[in-house]
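Throughout, a chain's letter reflects where its sequence line sits, starting with A, and its residues are numbered from 1. The figures here come from the full heavy-atom set of this structure, side chains too, leaving out hydrogens, waters and symmetry mates.
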Number of protein chains: 2
Amino acid sequence: MSGHDVNGASFTDIERAAMHQALDAALGGPRGANPLVGAVILDPEGRVLSVGHHRGAGTAHAEADALATAREHGIDVTGGTILVTLEPCNHQGRTGPCAQAIIAAGLARVIYAIDDPHDPAAGGAATLRASGIQVDSGLGAEQARALNARWLAAVDDRRPFVTLHIAQTLDARIAAEDGTSQWISSPESLRDNHAIRQRIDAILVGTGTVEIDDPRLTARTPDGELAEHQPLRAVMGVRPIPEGAAIVGDDGRAIHLATREPAEALAELFDRGVRHVMVEGGSRIIGTFLSAGLVDELVVYQAPTLLGSGKNSVAGLGIHTLAEAQSWDWDHSDGGAVRHLGRDLRLHLQPATPQY
Amino acid sequence: MSGHDVNGASFTDIERAAMHQALDAALGGPRGANPLVGAVILDPEGRVLSVGHHRGAGTAHAEADALATAREHGIDVTGGTILVTLEPCNHQGRTGPCAQAIIAAGLARVIYAIDDPHDPAAGGAATLRASGIQVDSGLGAEQARALNARWLAAVDDRRPFVTLHIAQTLDARIAAEDGTSQWISSPESLRDNHAIRQRIDAILVGTGTVEIDDPRLTARTPDGELAEHQPLRAVMGVRPIPEGAAIVGDDGRAIHLATREPAEALAELFDRGVRHVMVEGGSRIIGTFLSAGLVDELVVYQAPTLLGSGKNSVAGLGIHTLAEAQSWDWDHSDGGAVRHLGRDLRLHLQPATPQY
C-alpha cells in the first residue's frame, strides 16, 4: 500500500517505516542549538543499510552519521535511498555539506520530512535535484515538526534555544532557610550539568544569584579541570555585577545583560551568536522565563531529600488557580525522560503544547 | 566453599545464592502491615524448584506462595530445602500456619534469615524441629533486617507502619494560590492511591484538610464504586471535626484523634487494631510525622506541571541548613522506585538510615 503526502509525492509502506525509524533515531540526540535529526539508508530493495542521528552542535549531521556507519561496515549504498527527518544542508558548516556527501555516496533518492528553516542551510534539495537525484519531501512532516517544535519556534523568533536547569530537593527547594544550597545535587548530577555546559553557547543567571552564591559557572571536566569549551557567562538584571564577582573571571567571557525582560536578554545573546543558552537561576529569573513561555527544555535534578522550608525552585508565575498550571511533557530525547544520576533523579521535560 | 553464619550454622554457596534470590523475590511485595518476605525451594541436589513472595496482608505468605507454585507445576518438593527471609509462622492467621504447610509438603530442611518479631507468630522453628525438620537461621540476616528495618521498628514500637502520600506538582505544590488542588494528579495516580487505600487499615488527615478540602477518603474501585474494604478514616487534630464533614460518612468508620502528637495518634490507632496507616495531609500533618521520624514509606505522585505559588507539599520540619536535610532512599519494592503513571511520576522512597 502507498499513499500521497502533503506535497503530492507518493511513498511506500517501506519508506514510511524507514522515516519512522529515522524519527526514532533522532531522539538519540540532545536538544540545543541544532535540531534533533535522524536518517535511514535503504538499499534499492528497501532493506535498511544504516541508521544515523545527529549528536549535537559540532558533530556529524544525521546523513553524515548514517553514511559513516555504512562505510565503517563496508556497506555499499550506491543506488540506495536516504530518508532524513530534515532537509539535507548545503552549506560548509563545521561538518561539511550533506548534499555533497549524499551525491558523492552515489545515493539515488532522498526523502526528507521538513525543509531546513535556515536561509544559509537551505538549498540542499535543489543541489541534490540538479545532480540527478530524485528528491521528495513531506513524509513524516507532522512528526518531524512536533519533534523540533520549540527549536523551529526559536529559529523563527531569532532567539537562542533555552534550556532551564533546576537542582532541587524532593520538596522542590533550591536552598535551605539559611541560604545554603551546595550541594543539593549528587556528584553525578553536577557532572551531568557540567557536560551540558560544555555544549552550550551561554549560561545565564540573575544578579541576585551572583550576589548570594557568587558562582564561577565555568564548565569543568569530571576531574575538575577547566573544559576546553567555556560557555559565555551572562548575568541578567538591572543591578550591576558586584565587584570581584567570581563569574567575571579573567577570560573576558562574562557579560552583563542589563534588563529584566527575558526576550531582550535572549535577543542580545542571539546578536552575540548564542544559539543555545542554559538558564541556571535563581527562582525569580526562572519565573520570568517560564511565564514568558521562553523555556524550550527543562532539566531537573531532584535529590531524594526534604527540607520543608527555604527557597522554592519556581516562583512568580502569576498563576492563581490550578486550571492555569503550566503543563509539561516528558522529553524522551537524549537518554530518556527520567534517569537515576547517583542518588538523584534527572527529569527531562519540554513544554506541553508545541507553539508553531 | 562454605562459611559459618552468626549462629554458627554453616551454609553452602548454593544456599547463599538461594537466600539471595529469596531476598530479591521479597521485593516484589508491597510494604505495610506485613513485612516483605521471599522464599526459594531447592531440591536435594540444590536446584531451584520454586520461588515465592508475600503480596501483602491477607494474601499467602512467601512459603505458601512458593509451595503453591510448585504444586501448580506438578513439582515434587519432598526432601527439599526451603529458604525464607523470615521465620515461618506457627499461627492460624488469615492464611494458615506455614510451619504446618512445610511439614505437610515433606520438606527436609528450613533455612530462614531472621526470627519473626511477633509473639503470636513465633514458635515456627520449634514446631518444625519437633517434627524432625532440620532448621537453621541467620543466613542473609543482615540483608533481611535491612529489607524490613522500618517494619521491624514499627513492630518494636507497637505502632502502625506509616505510609506518607503526597500528590504534588513538579515544583512540589499541593494546591494553587486559591486553594484548588483537584486534581493535581493524573487519573492513573488517583487509581493507584485508591488501590493502596484498599489494602491499608486506616487513612489519616488533619482537621485543616477536612475544613478546607472536605474529602470523603473512601476507597474506590477503578469504575468509581465503593471498594469492599474501606480503611478507617482518622482525623487528627485538637479542633473538632466540622459538622456535616464528608469524611464522617454513614458507616461508623470515621474517628477523631484529638491530638497534635503523631506518636499519640499512632498509639491510639494501634490500640484499634490498625497496623498500616496512610497519612494523606495536609502539609502541617505531613511535617509533624516527618520531623518525628514516623514515616516508614513515602509515595509521591508528581505531575509534570508548574504552579510557582500555592501550598508547598512539606512544611515545618524545623530544618535550618542544608546539612540537616532529611535523606531518603529509593525503595525498589512493589513495582520499583520510579514509575510513570499516566503523565505523572510515582516516586517510592524509604528513610535513608535503617533504625533498628
#### Entry: Contacts of B:A195 that satisfy side-chain contact (heavy atoms from CB on, under 4.5 Å) - sequence neighbours left out
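Per chain and number, B:A195 pairs via side-chain contact (heavy atoms from CB on, under 4.5 Å) with no residue.
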
### Task
Could you list the residues that satisfy side-chain contact (heavy atoms from CB on, under 4.5 Å) with B:A258, not counting sequence neighbours?
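side-chain contact (heavy atoms from CB on, under 4.5 Å) list for B:A258, sorted by chain: B:H256.
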
### Query
What pairs meet the salt bridge (charged side-chain N to carboxylate O under 4.0 Å, His left out) rule with one or both residues in residues 299-308 of chain B, with sequence neighbours excluded?
none

Largest heavy-atom contact set with chain B, pairs under 4.5 Å, which of [options]:
options	value
A:L347, A:L170, A:L298, A:L290	A:L170
A:A172, A:G308, A:A175	A:G308
A:P304, A:A176, A:A323	A:P304

### Query
Just wondering, do B:L307 and A:L317 contact through their side chains at under 4.5 Å, heavy atoms?
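Not touching, per the 4.5 Å side-chain cut-off.
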
Polar contacts chain B-chain A (donor-acceptor, d < 3.5 Å, no H, no angle):
| unit_1 | atom_1 | unit_2 | atom_2 | d |
| --- | --- | --- | --- | --- |
| B:Q168 | NE2 | A:L170 | O | 3.0 |
| B:L170 | O | A:Q168 | NE2 | 3.0 |
| B:R173 | NH2 | A:V314 | O | 3.2 |
| B:E177 | N | A:H320 | O | 3.3 |
| B:E177 | OE1 | A:H320 | ND1 | 3.2 |
| B:D178 | N | A:H320 | O | 3.0 |
| B:D178 | OD1 | A:T321 | OG1 | 3.4 |
| B:D178 | OD2 | A:T321 | OG1 | 2.5 |
| B:T180 | OG1 | A:T321 | OG1 | 3.1 |
| B:T180 | OG1 | A:L322 | N | 2.9 |
| B:Q302 | OE1 | A:Q302 | NE2 | 3.0 |
| B:Q302 | NE2 | A:Q302 | OE1 | 3.0 |
| B:P304 | O | A:W328 | N | 2.8 |
| B:L306 | N | A:Q326 | O | 2.9 |
| B:L306 | O | A:Q326 | N | 3.0 |
| B:S309 | OG | A:I319 | O | 3.1 |
| B:V314 | O | A:R173 | NH2 | 3.2 |
| B:I319 | O | A:S309 | OG | 3.1 |
| B:H320 | O | A:E177 | N | 3.4 |
| B:H320 | O | A:D178 | N | 3.0 |
| B:H320 | ND1 | A:E177 | OE1 | 3.2 |
| B:T321 | OG1 | A:D178 | OD1 | 3.4 |
| B:T321 | OG1 | A:D178 | OD2 | 2.5 |
| B:T321 | OG1 | A:T180 | OG1 | 3.1 |
| B:L322 | N | A:T180 | OG1 | 2.9 |
| B:Q326 | N | A:L306 | O | 3.0 |
| B:Q326 | O | A:L306 | N | 2.9 |
| B:W328 | N | A:P304 | O | 2.8 |
| B:W330 | NE1 | A:R343 | O | 2.6 |
| B:R343 | O | A:W330 | NE1 | 2.6 |

### Query
In terms of heavy-atom proximity below 4.5 Å to chain B, should A:L306 be classed as side chain, backbone, both, or neither?
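Both backbone and side chain of A:L306 come within 4.5 Å of chain B.
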
### Query
For A:I166, is it the side chain, the backbone, both, or neither that has a heavy atom closer than 4.5 Å to a heavy atom of chain B?
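Neither part, no heavy atoms under 4.5 Å.
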
### Message
So for B:I286, is it side chain, backbone, both, or neither that comes closer than 4.5 Å to the heavy atoms of chain A?
### Response
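No part of B:I286 comes within 4.5 Å of chain A.
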
### Task
Could you check which of B:L345, B:L349, B:L322, B:V338 has the highest count of heavy-atom pairs closer than 4.5 Å to chain A?
B:L322

